[in-house]
Every structure is written in C-alpha cells, then in structure tokens.
Amino acid sequence: MTPVAASRVLVLNSGSSSVKYQLLDMRDGSRLAAGLVERIGEETSRLKHTPLLGGGSEAREQNRPIADHEEALKAVAAELAQDGLGLDSPELAAIGHRVVHGGKFFTQPTVIDDAVLKEVERLIPVAPLHNPANLTGIRTAMTLRPDLPQVAVFDTAFHTTMPESASRYAIDVKTADEHRVQRYGFHGTSHAYVSRKTAELLGRAPEEVNVIVLHLGNGASASAVRGGVCVDTSMGLTPLEGLVMGTRSGDVDPAVIFHLMRVGNMSADEIDVLLNKKSGLIGLCGDNDMREIRRRIDEGDQEAQLAFDIYVHRLKKYIGAYYAVLGRVDALAFTAGVGENAAPVREAAVAGLEELGLTVDGELNSVRSDEARIISPEYARVAVAVVPTDEELEIAQQTYALVAPPEVRNA
Ligand code: AMP
C-alpha cells in the first residue's frame, strides 16, 4: 500500500487560559478548520470550532467547564475528528507551536525534543506569562501524538539578526549578560511574513527591498527590515517597549518606575500591571479599540482625540527612526487589526512626511479589502502598503518546511 502523503499541519497557539488553532493543508495553504478554546480552568469555558473544509459549515460551540489544556486539546481533537480530520490521521504531518520567547539561542523553527523543552523552560524568567503556557500546549500535544514531529516557531527568531548596536541596552554589560537583559523583539512571525509579502507585492525579491513594518494590533511593534533581514524592532526584553499599544504604554523613561515606587508607594507588580494592562490607549482614554476611539473622535471627544494623537506621534517617531536606520526605504507596510483596518491611523502616521517620499492616496487608503495592496500614489518614492498578516500560515509553512517528506515538498 502506498503511504498517504502527509500534508496537513495543525498550528497551536497556547495562551495561559486559551488555545487558538488552525488546521492547514500545505499543498495549497488552505484552511481545513479553525477554532478557539477560551477561559480554560474557569466555569465558563468555551470552545468555538469552525469547519472550513469544502466551503465550510456553521461553527459549533461548546459552553462547559474545561479544566486544563489537556482537556482543551482533547476537545479540539474530538471536534476535528467529527469533521474527518482527527489527530490520528496519517495525513497530519506535524504540529506547529507558537512559542513566544526563544531568547538568543533559537534563531530558526526547531523540531521539539527534550533539550528544546529545557531551553524554553530556562527562558521562563524573561517570558513569565507566555512560555509556561506554550510549554503546557506542547507537552499536551506530545502526549496526544508522541510519534508526530512537533515544531516550535519562535516570536523572537526573526529578530535574532539584529546587530548588537540595536539589541543591546546601554547598561552595564556584566549585569545585562548575567540576567540576559537585551532587546529580543516579538511578533517576529508577522514581521517575517509581512516583509516578504511586501516585497512580493512590489514584484521584487526580499533581498532587494528595505521595508518598515508596522504591526498594529492590540499589541503593536515596528521593525526595520533590510533585504529580508531584521535590523531593528521596537519591542525589547519584553513586549512592553516601543509603540503605544491597546493597553501597554510602550516607551517611558525607566525612572517613571522608581518614581512610582518611591513617591507613589507602588510595588513592582502593581507597576507591571499599570504599564502592561492599564496604559496605552485604554489608560489614556478608557478604550483600547480603535473603532470606538474613532467613533468618539467623530463625536468631538477630546480625550479620545488626545489618545489618538499620542498613538500617532509615537508611530511617526518610529517611522523616522527606522528610515534613518535603513538609509533607504522601499516600502512602509501596515498590518494587524489597526494597521489593516484603520485608514485614519495610516493617513495620520504618514501625514507631513512627503519630504521622505511617504504619502498615501486618500481614495486607495479608504478602500476596504482583505488583499495586500498599495495605497500610495504611483509617483511616490516609497510604497505604502496594507498587508494582512497571517501568522498561522507562516507558522504552518515554517513547520512544514522542516518536516515534509521530500517527495511532497518537491511535488
Ligand atoms: P489584533 O490584535 O491584530 O487582533 O488587533 C485588534 C485591534 O484591531 C482591536 O483592538 C482594534 O483596535 C483594531 N481593529 C480591528 N478592527 C478594526 C477596524 N475595523 N477599524 C479600526 N480598528 C480595528
């Protein structure tokens, strides 16, 4: 009997109380199923499963307590089996896991073994929220299919090419090295995908193109990509540094922290929550959804307007900084929830930058579409693009490239 060519990859993104998943067919990158388990460990857990095979069918929902990640993954496996896509299928080639922190060590997607698990565990002090959840997802998936290759795709990997001039903080070297304090960057899978797609959109090879990528979701980061290689990014030791985000402050004077400790009598944990959860757009105006902020601005709300202005001001500073880092910029690419959908943010971010060759065409900018597209006028020196990100596809492709049987890969 000829063995079945394994061409499917299950992508798992395990958070502390959630698991997002997609099953993809790597022959054409199509989606066979997608879903989400949320509020794991609570009374009100929910599993939403969307079958996408052959045009798809209605989503199925389970609302019942799901105690832990093992139960969650078993429930996902049962849903997939119901669509004839069970985890025991010989067509499943691998499971690709999003792992947030890979430190300096993991520069590439990696097939997971005991040594890899140990290293991801060793990185917990620099990613206390994310890596433990990622590890739980991996360990659970390994117990469900111990024979199957499991691949870790790291959020930090794309940024490991940053030169030390960009990745080092200007603090005492010995202290920094002892505690692994440096700039790692995050959202790397998205920056990799979007910078490559942008080159494709320009009809050029990634090696020829310099791109500034603005990943503007609830979390937000910018990157400077020279010839397909990341040379700087705005997030640092943790995802707190850089742009103004939905709930994170981005850059602040580090002395703000000592000040709040000494004068505000706040603890380190309280300030951690303040800067990560209660700052950014939500801290400035009480809303972190750009749609709501725009609606309030349209009604003349001054607080929402100021939050928007601070958000855009920071974006502009990073565009200017990365323009200088790259020297020559071929494209500026907007992606993620805000970047893909909020035309006013795109317009405001490049307003007044005509001298840098940056401008958007009002009409092209206001078109709504799921397609990658250029929104600058033809004469513009720098292409401004909207490029929908697809982290799951990127994780699946990186995973499959590592594990695919050669006869399939080369077919
Ligand atoms: P993400 O983290 O990439 O899923 O992005 C989520 C964020 O995108 C939300 O918090 C909103 O601020 C923003 N967003 C999503 N849809 C829109 C839209 N149509 N217009 C403006 N902002 C949007």
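We count ligands from 1, going down the list as the structure has it; atoms in each ligand are counted the same way. What you see is a predicted model; the values in this text were computed from it and never measured. What you see below is based on every heavy atom in this structure, not just the backbone, and it leaves out hydrogens, waters and symmetry mates.
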State whether a side-chain donor-acceptor pair under 3.5 Å links [X] with [Y].
| X | Y | value |
| --- | --- | --- |
| His191 | Ser221 | yes |
| Thr335 | His215 | no |
| Ser267 | Asp269 | no |
| Thr44 | Arg39 | yes |
| Asn218 | Arg248 | no |
| Tyr169 | Glu241 | yes |

For [atom], which protein heavy atom lies nearest, and how many Å away is it?
| atom | result |
| --- | --- |
| atom 11 (C) of ligand 1 | Asp289 OD1, 3.4 Å |
| atom 14 (N) of ligand 1 | Gly337 O, 3.6 Å |
| atom 2 (O) of ligand 1 | Asn218 N, 2.9 Å |
| atom 21 (C) of ligand 1 | Arg291 CG, 3.5 Å |
| atom 19 (N) of ligand 1 | Asn341 CB, 3.4 Å |
| atom 22 (N) of ligand 1 | Met290 CB, 3.5 Å |

Ligand-residue contact atoms, ligand 1 with [X], heavy atoms, under 4.0 Å:
| X | value |
| --- | --- |
| Arg368 | 19 (N) |
| Val338 | 8 (O), 12 (O), 13 (C) |
| Ala336 | 3 (O) |
| Gly217 | 1 (P), 2 (O), 3 (O), 5 (O) |

Specify side chain, backbone, both or neither for Asn288, according to which of its non-hydrogen atoms lie closer than 4.0 Å to ligand 1. backbone
Which segment of Glu292 sits under 4.0 Å of ligand 1 when only heavy atoms are counted: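 No part of Glu292 comes within reach of ligand 1.
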If you draw a 6.0 Å radius around NZ in Lys74, do more than 12 non-hydrogen atoms from other residues or ligands fall strictly inside? no
Return yes when Glu391 approaches ligand 1 closer than 4.0 angstrom through a heavy atom, no otherwise. no
Thinking salt bridges, do Lys20 and Glu38 make one under a 4.0 Å N-O criterion?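 Looking at Lys20 and Glu38, the cut-off is not met.
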One thing to verify: whether Glu292 and Arg296 come together as a salt bridge, which I'm taking to mean a side-chain N less than 4.0 angstrom from a carboxylate O. no
Under 4.0 Å and counting heavy atoms only, is there anything from the protein next to atom 4 (O) of ligand 1?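 For atom 4 (O) of ligand 1 the answer is no, since every protein heavy atom stays at 4.0 Å or beyond.
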